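Notes follow once the structure below has been shown.
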Amino acid sequence: MIHIRPISDLRNNFAEISRLVHEEDEPVYLTKNGHGDMVVMSLETYEKKLMEKEINDKLQEAAAEAESTYHRHDHKDVISDMRRIVDPNNRD
């Protein structure tokens, strides 16, 4: 459910807004003079949104690269490279 509140609620009902953003894991949209002004969300939700954006950006980059070349990577090589990144001591 979308929560839209006047910006004055941030001052007058901070505890309720804090509860909403934490318990429902959804942002609260704040209006000023009837128009959208701000969005308030929990730190966890914000970090999750940043991570989702980063993953989406990487997927778009990979799709663009795949369209620009016919070269494909063998899954065994990719897994081996990933293991080396995660554990540089890995000799896989």
Side-chain angles (χ1 to χ4, degrees):
M1 180 171 143
I2 296 176
H3 299 281
I4 302 172
R5 309 287 288 267
I7 202 163
S8 60
D9 277 6
L10 191 56
R11 179 182 59 243
N12 300 331
N13 298 310
F14 180 81
E16 181 183 350
I17 290 175
S18 179
R19 183 191 59 75
L20 278 172
V21 300
H22 286 94
E23 288 181 6
E24 297 191 18
D25 200 26
E26 292 291 330
V28 173
Y29 298 88
L30 301 175
T31 63
K32 184 176 183 180
N33 299 323
H35 299 282
D37 188 54
M38 285 187 224
V39 176
V40 177
M41 65 180 75
S42 70
L43 185 58
E44 292 82 12
T45 300
Y46 178 71
E47 289 174 343
K48 186 169 88 175
K49 299 255 183 229
L50 283 179
M51 187 179 354
E52 289 170 357
K53 183 186 179 321
E54 183 178 346
I55 290 169
N56 188 48
D57 290 349
K58 297 274 187 197
L59 288 171
Q60 287 181 355
E61 182 182 324
E65 183 180 337
E67 287 181 16
S68 70
T69 182
Y70 290 107
H71 181 264
R72 297 296 181 253
H73 301 276
D74 180 81
H75 76 280
K76 290 179 184 178
D77 293 337
V78 171
I79 296 296
S80 179
D81 290 346
M82 289 174 59
R83 286 186 175 138
R84 276 195 296 279
I85 290 169
V86 172
D87 181 6
N89 296 322
N90 187 356
R91 301 287 181 215
D92 195 19

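We're numbering straight along the sequence, starting at 1. Remember, it's a predicted structure, so these values are computed and weren't measured experimentally.
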Check your understanding: Who passes side chain to side chain contact (heavy atoms under 4.5 Å, CB included) against Arg72, sequence neighbours left out?
Key -> Ala66, Thr69
Review point. Just wondering, do Pro6 and Asp9 contact through their side chains at under 4.5 Å, heavy atoms?
Key: yes
Exercise for review: Grab the two heavy atoms, one from Glu65 and one from Ser68, that are nearest each other, plus how far apart they are.
Suggested key: O-OG, 2.9 Å
Practice item. Would you list the pairs meeting ring-ring contact (aromatic ring centres under 6.0 Å, His included) in which at least one residue belongs to residues 5-34, sequence neighbours left out? Key: none
Point to revise | Distance (rounded to the nearest 0.5 Å) between Asn13 CG and Ser8 OG | key: 8.0 Å
Review point. Tyr46 and Leu20: same hydrophobic cluster, using ILVMFWY side-chain contacts below 4.5 Å?
Key: no
Could you list the donor-acceptor pairs under 3.5 angstrom formed by side chains in residues 32-43, with sequence neighbours left out?
unit_1	atom_1	unit_2	atom_2	d
Ser42	OG	Thr45	N	3.1
Ser42	OG	Thr45	OG1	2.9

Check your understanding: Out of curiosity, Asp81 CG to Asp74 CG, how far, rounded to the nearest 0.5 Å?
Key -> 10.5 Å
Practice item. Only pairs at least two apart or in different chains count here, so list each salt bridge (charged side-chain N to carboxylate O under 4.0 Å, His left out) that has a residue in residues 19-28. Key: Arg19-Glu23, Asp25-Lys48
Point to revise | Non-neighbouring partners of His71 that pass ring-ring contact (aromatic ring centres under 6.0 Å, His included), sequence neighbours left out | key: His73
Review point. Restricting to pairs with a member in residues 49-61, which pass side-chain hydrogen bond (donor to acceptor under 3.5 Å, both in side chains), not counting sequence neighbours?
Key: Lys53-Asp57
Point to revise | Test log, rule side chain to side chain contact (heavy atoms under 4.5 Å, CB included), inputs Arg83 and Asp87 | key: CA-CA 6 Å; Arg83 286 186 175 138; Asp87 181 6; over 6 Å; no
